[in-house]
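Following: one structure in structure tokens, then a few remarks.
None of these values were measured; they are calculated from a predicted model. Remember, it's 1-based here, ligands and their atoms both numbered in the order they're listed.
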Amino acid sequence: MDPNPNRNRLKLDFIPFLAPGHLIPLCGLATLLASRGHHVRVITTPSNAQLLAKSNPSLHLHTVDFPAREAGLAHGVEIMSKVDDFNKAANFYRAAMLLRGPIARILEQQPPDCIVADFMYPWMDDVANNLNIPRLAFNGFSLFTVAAMESVKANPALLPSDAAPFVIPDFPHHITMCAPPPKIATGFMDQLLGIELKSHGLIVNSFAELDGEEYLEHYQKRTGHKAWHVGPACLAPRSGEERAEKSVVSENECLSWLDSKPPQSVVYICFGSMCRFPDKQLYEMACGLEQAGHAFIWVVPEKKGEECDKEEEKEMWLPKGFEERNKEKGLIIRGWAPQLLILGHAAVAAFLTHCGWNSTLEAVTAGVPMITWPVQGDQFYNEKLVSEVRGIGVEVGATEWRVVGYGEREKLIGRDCIERAVRRLMDGGEEALNIRRRAKEFGEKAKEALQEGGSSHDSLSALIAHLLRLRDSKINSLHSF
Ligand code: UDP
């Protein structure tokens, strides 16, 4: 019998930020580590823990209360997708900062071998250093995007002072961005990226073939920081679809609607968990979809629910008679949709997306080409990876780089642009065929990456070996005192 059965077993604490785009992938990666036999604990708040207990049963959960009231939010708000204005978002972040004390106490009482924490908690650096526990950082971005952000951060003098296009400085590909990111957003982001670089390394929810070896090398050479590609997290074992919020349609309802459509005939439209377009933009979207003439599943915010929609209010965002005319052709989901299930269905041929990294990677993994419509943050860089670098999507033509996903816009994407982009992918033709072929190939590569001998599988093994060595050398140095 092995005298020390825990020799090869790590104790890992995962601390996800409380927004679906952060929580879902980090818990997916936690599940991948648990599936290798390690003891993985997730520290989160009660209502998030309740959903995780169902979707990721292999994780141990430890809860801390979320100080919503202390930060001026309604009691019960525990996930950032429930706030929809800038001030509430700032309050939410303040509440997340207040988690430092309770989380530090848990880590002190039962110290793990390693902390894997979201970079949105900048205080984690101090906490981990004080306890002498190695910390891995997670930011939820692709490494292509982190490398682009680092290049932009290092070369402020090369950026235009107004909203003019610029080429990403000192970068493996020649990429022209529509405008520099808003200063207020980069100020915040640069600070977080700086603290991230003080961590032991970065774990990336992507796979090496998608980001490209050249970006891994570029990042490691420029920053001297180590990165491990261990995704896609969406392929981690899970039960059911409810990963951060409860779906408003049942899986069966969605599946039987999709089953009734021919293969490769449906456009799926969803803008993630944090983006809320103004009514007039939704109206243009509806017109563009109708003009393009293809079947669709369109996810709109919960507040667009039928029961609270008076007819005249509805007509602000939906053309008169739209639902009646598109009864057969379209399914509107008001609220949270089972996205992985939809993307994985054979009827789905294209994804009109805001290019949040999870949505992007989920589409890549499902082999579904994208129509890209970025709104804020990393989404504009992700769009370039999809459209220009990997050739698995077409751009709708969005150029308004916003600080947050809600609020009035300065620019409107017109119905004709939307129709044109949908037709470019859906009406056949050589360009569309090539994009579709490449998307399928990347879907295969994504699955291979996590199989034995695949790039992410090997990278995860290397990371585990590295963490075991780190733990053992810490134990040895303690014994030598
Ligand atoms: N998501 C979902 N149903 C929805 C909206 C979003 O399942 O109706 C999931 C989606 O699959 C992804 C995450 O929420 O895993 C959104 O993350 P992403 O990075 O794409 O965008 P964000 O919400 O952070 O802007």
Side-chain angles (χ1 to χ4, degrees), residues 16-29 31 48 51-52 54-56 79-84 89 92 118-120 138-142 145-146 185 189 204-206 231-236 238 240-251 253-254 268-277 297-305 331-345 348 351-366 368 370 372-383 385-386 393 398 401-406:
F17 187 69
L18 306 172
H22 291 247
L23 182 94
I24 294 172
L26 191 54
C27 292
L29 298 181
T31 304
N48 289 307
L51 276 172
L52 281 172
K54 284 195 217 139
S55 60
N56 302 49
I79 188 115
M80 205 169 188
S81 44
K82 292 289 178 212
V83 305
D84 57 5
F92 190 93
D118 200 293
F119 85 139
M120 293 285 280
F138 172 78
N139 57 33
F141 303 147
S142 66
T145 287
V146 184
M189 186 56 71
V204 184
N205 178 26
S206 184
C234 58
L235 289 178
R238 64 178 197 285
E241 279 289 322
E242 285 166 357
R243 300 170 300 149
E245 295 205 23
K246 276 192 152 319
S247 296
V248 293
V249 283
S250 76
E251 297 181 11
E253 199 183 326
C254 233
Y268 171 57
I269 303 112
C270 180
F271 290 86
S273 63
M274 311 285 289
C275 175
R276 316 266 186 281
F277 283 116
I297 293 186
W298 183 17
V299 185
V300 298
E302 202 172 359
K303 286 200 180 137
K304 302 286 170 204
L331 176 65
I332 297 183
I333 298 179
R334 293 159 157 90
W336 193 256
Q339 177 155 307
L340 287 187
L341 190 91
I342 295 171
L343 283 172
H345 196 282
V348 174
F351 180 19
L352 174 55
T353 171
H354 71 312
C355 301
W357 182 243
N358 298 291
S359 295
T360 305
L361 189 58
E362 288 160 9
V364 169
T365 304
V368 174
M370 283 162 266
T372 60
W373 183 332
V375 175
Q376 52 141 335
D378 61 317
Q379 298 156 12
F380 280 86
Y381 297 115
N382 299 339
E383 170 179 70
L385 178 65
V386 165
W401 197 325
R402 297 182 51 78
V403 177
V404 288
Y406 17 82

- Where's the contact between Ser247 and ligand 1, heavy-atom distance under 4.0 Å: side chain, backbone, both or neither?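 It is neither part, as no heavy atom is under 4.0 Å.
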- Message: Below 4.0 Å, non-hydrogen atoms only: which portion of Ile24 touches ligand 1? Side chain, backbone, both or neither.
- Response: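 Side chain only.
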- Candidates Trp373, Tyr406, Trp298 - the one meeting ring pair (Phe, Tyr, Trp, His ring centres under 6.0 Å) with Phe277: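 Of all the options given, the one that passes is Trp373.
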Relative to the heavy atoms of [X], which atoms of ligand 1 are at a distance of less than 4.0 Å?
X: Gly356; result: 18 (P), 19 (O), 20 (O), 21 (O)
X: Ser273; result: 22 (P), 23 (O)
X: Trp357; result: 19 (O)
X: Glu362; result: 10 (C), 11 (O), 12 (C), 15 (O)
X: Ser359; result: 18 (P), 20 (O)
X: Ala337; result: 2 (C), 3 (N), 4 (C), 7 (O), 8 (O)
X: Gly21; result: 17 (O), 24 (O)

- Are the side chain of Arg276 and the backbone of Ser273 linked by a donor-acceptor contact shorter than 3.5 Å?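 Checking the backbone N and O of Ser273 against the side chain of Arg276, a donor-acceptor pair under 3.5 Å is found.
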- Message: I'd like to know if the side chain of Asn382 and the backbone of Cys355 have a donor-acceptor N/O pair within less than 3.5 Å.
- Response: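 Checked: pair present.
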- Item | Selection from Gln379, Met274, His354 by shortest heavy-atom distance to atom 21 (O) of ligand 1 |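 When every heavy atom of Gln379, Met274, His354 is considered, His354 comes closest to atom 21 (O) of ligand 1.
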- Task: Classify the angle between the aromatic ring planes of Phe380 and Trp401 as parallel (below 30°), tilted (30 to 60°) or perpendicular (above 60°).
- Result: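 Phe380 vs Trp401 ring planes: parallel.
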